[in-house]
Amino acid sequence: MLHIRAVEKQFRVDGRNVPILNIPEWRVAQGDKVAITGPSGSGKSTLLHLISGILRPDRGEIHMDGVPLHTLKEAELDKLRARRIGYVLQDFHLIPSLTVSQNIEIAMAEQLPTRQKHKLIGDWLEKVGLQDRSSHLPSQLSRGQQQRVAIIRALVNNPPLLLADEPTGSLDWETADEISGLLLDLSAQAGQTLIVVTHDLNMARRFPVCLHIHDINDIRGSSAAGVRLEAGLA
């Protein structure tokens, strides 16, 4: 699914280059569920941005199902993200003036007939318990409900890869636990690869594979499957 090799990324801060990531080699197999922890500024979100092609590595290679993301042009990356990558963010990014259904529909594949889109939206809303909220605006929903809509939007096109950046960071403990379970359950049903970065240690411990961001910098050729490193989780 993912193969990252000899990837380095640094940022310019106060006139000097600050190394953020240096990953010798890391593989993630299709269907793996991986939680990545680490302090703020350690490179967790940067790693997701590199995987999704939002950022490019300074050096090294990133392959997704054999496609070299690091060589693609921006237009090619846009198409790949639309078809093959779902992204869940902490701040939801729902459009305030659109209803729940409309917020989901704008993320759906354009070639789908309208009737099929509406049927699919209804099915997804039922899966997450929001079937009676389709006509509501985001402001009429709780934060947990807004995150459920954001999850549908990321999953609705059935991408093989799902990335989530602090998806429970702004939620209370009980709602965060529900969202963690929902992400794991829905991605498992679809056979999707799920990579989450989080400060939420309760969420991280629910994942079959839990890595500290510094451990990823030391992995050489390991698949995420079968590896469980918990440095920093105590």
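Atoms considered below: every heavy atom in the structure, side chains included; atoms not considered: hydrogens, waters and symmetry mates.
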(message) If you compare all heavy atoms of L161 against all heavy atoms of M64, which two are closest, and at what distance to 0.1 Å?
(response) CB-CE, 3.8 Å

(request) Measure the shortest side-chain to side-chain distance between V209 and V28 over non-hydrogen atoms and say whether it is less than 4.5 angstrom. (result) no

(request) Answer yes or no: is there a side-chain heavy-atom contact under 4.5 Å between K44 and P39? (result) no

Donor-acceptor list for residues 86-97 side chains, cut-off 3.5 Å, not counting sequence neighbours:
unit_1, atom_1, unit_2, atom_2, d
Y87, OH, H49, ND1, 3.1

(request) Supply the atom-to-atom distance K79 NZ to E76 CD, rounded to the nearest 0.5 angstrom. (result) 7.5 Å

(message) Could you tell me if the side chain of N103 sits less than 4.5 Å from the side chain of P138, heavy atoms only?
(response) yes

(request) Without swapping roles, check the side chain of E126 against the backbone of D123 for a donor-acceptor pair under 3.5 Å. (result) no

(message) I need the minimum non-hydrogen distance between L183 and A164, along with the two atoms involved.
(response) CD1-CB, 4.4 Å

(message) Quick one: does any side-chain atom of T175 pair with a main-chain N or O of D172 as donor and acceptor, under 3.5 Å?
(response) no

(message) Within the 4.5 Å heavy-atom criterion, are P68 and E61 side-chain neighbours or not?
(response) no

(request) Measure from the side-chain N and O atoms of K33 to the backbone N and O of Q192, and report whether any donor-acceptor pair falls under 3.5 Å. (result) yes

(request) Could you walk me through whether Q145 and H136 pass side-chain hydrogen bond (donor to acceptor under 3.5 Å, both in side chains), step by step? (result) CA-CA 11 Å; Q145 290 171 333; H136 286 57; over 6 Å; no

(message) Could you tell me if T193 and D32 have a donor-acceptor pair between their side chains, going purely by distance under 3.5 Å?
(response) no

(request) Using the test side-chain hydrogen bond (donor to acceptor under 3.5 Å, both in side chains), find all partners of R153 that sit at least two apart in sequence or belong to another chain. (result) none

(request) Report the residues that fulfil side chain to side chain contact (heavy atoms under 4.5 Å, CB included) with S134, sequence neighbours left out, ordered by chain and then residue number. (result) S101, L125

(message) By the salt bridge (Lys or Arg N to Asp or Glu O under 4.0 Å) test, which pairs, at least two apart or in different chains, include something from residues 105-118?
(response) none

(request) Would you indicate whether the side-chain heavy atoms of I195 and L162 approach each other to under 4.5 Å? (result) no

(request) Share the residues that join L137 in a hydrophobic cluster, the rule being Ile, Leu, Val, Met, Phe, Trp or Tyr side chains under 4.5 Å apart at the heavy-atom level. (result) none

(message) What I want to find out is whether E25 reaches R5 closely enough, with some N-O distance under 4.0 Å, to be called a salt bridge.
(response) no

(request) Determine yes or no for a side-chain-to-main-chain donor-acceptor pair under 3.5 angstrom, with E166 supplying the side chain and H199 the backbone. (result) yes

(message) Nearest 0.5 angstrom please: D177 CG to N202 CG, how far?
(response) 7.0 Å

(message) Nearest 0.5 angstrom please: I4 CD1 to L47 CG, how far?
(response) 5.5 Å

(request) Search all heavy atoms of G41 against all heavy atoms of I20 and return the closest pair with its distance. (result) O-CD1, 4.5 Å

(message) Looking at Q147 and G144, would you say the former's side chain and the latter's main chain have a donor-acceptor pair under 3.5 Å?
(response) no

(message) When you measure from the side chain of Q146 to the backbone of L141, do you find a donor-acceptor pair of N or O atoms at a distance under 3.5 Å?
(response) yes

(message) Hydrophobic cluster membership, with links at side-chain heavy-atom distances under 4.5 Å among I/L/V/M/F/W/Y: are L184 and W173 in one?
(response) no

(request) Drop me the distance from T46's OG1 to I51's CD1, to the nearest 0.5 angstrom. (result) 11.0 Å

(message) Please determine whether residues L98 and V128 belong to a single hydrophobic cluster, defined as Ile, Leu, Val, Met, Phe, Trp and Tyr linked transitively by side-chain heavy-atom distances below 4.5 Å.
(response) no

(request) Give the intermediate values and the outcome of side chain to side chain contact (heavy atoms under 4.5 Å, CB included) for residues V196 and L163. (result) CA-CA 6 Å; V196 171; L163 306 175; over 6 Å; no

(request) Can you run down the salt bridge (Lys or Arg N to Asp or Glu O under 4.0 Å) pairs that involve residues 137-151, sequence neighbours left out, and say none if there aren't any? (result) R148-E178

(message) If the condition is ring pair (Phe, Tyr, Trp, His ring centres under 6.0 Å), which residues does H63 pass it with, not counting sequence neighbours?
(response) H70

(message) So, using side-chain hydrogen bond (donor to acceptor under 3.5 Å, both in side chains) as the criterion, who are the partners of D78 when residues are at least two apart?
(response) R81

(request) To the nearest 0.5 Å, tell me how far T37 OG1 sits from R205 CZ. (result) 9.5 Å

(message) Just to verify, what does A82 make a side chain to side chain contact (heavy atoms under 4.5 Å, CB included) with, not counting sequence neighbours?
(response) none

(message) Does any part of the side chain of H214, heavy atoms only, come nearer than 4.5 Å to the side chain of S42, both counted from C-beta?
(response) yes

(request) Starting at CG of D132, measure out to CG of L130 and round the result to the nearest 0.5 Å. (result) 7.5 Å

(request) With sequence neighbours excluded, give me every salt bridge (Lys or Arg N to Asp or Glu O under 4.0 Å) pair touching residues 186-200. (result) none

(message) Are the side chains of L211 and W26 in contact, using a 4.5 Å heavy-atom criterion?
(response) yes

(message) Side-chain heavy atoms nearer than 4.5 Å, only ILVMFWY residues, links allowed to pass through others: does that put I106 and I85 together?
(response) no

(request) Mind checking side chain to side chain contact (heavy atoms under 4.5 Å, CB included) for S180 and listing every partner two or more places apart, or none if nothing turns up? (result) T168, M203, R206

(request) State whether the side chain of N157 and the backbone N or O of A107 hold a donor-acceptor pair below 3.5 Å, judged by distance alone. (result) yes

(request) Search all heavy atoms of V18 against all heavy atoms of V13 and return the closest pair with its distance. (result) CG2-CB, 3.8 Å

(message) Keeping K9 on the side-chain end and R56 on the backbone end, is there a donor-acceptor pair under 3.5 Å?
(response) yes

(request) Check the pair V34 / I36 against side chain to side chain contact (heavy atoms under 4.5 Å, CB included), numbers first and verdict last. (result) CA-CA 7 Å; V34 185; I36 300 170; 4.1 Å; yes

(message) Tell me the closest heavy-atom pair linking G43 and L21, and the distance in Å.
(response) O-CD1, 3.8 Å

(message) Looking at every heavy atom in both A154 and P159, which two are closest together, and how far apart are they?
(response) O-CG, 3.4 Å

(message) Applying side chain to side chain contact (heavy atoms under 4.5 Å, CB included), can you list everything that pairs with K127, at least two apart in sequence or on another chain?
(response) W124, L186

(message) Does any part of the side chain of I152, heavy atoms only, come nearer than 4.5 Å to the side chain of L155, both counted from C-beta?
(response) no

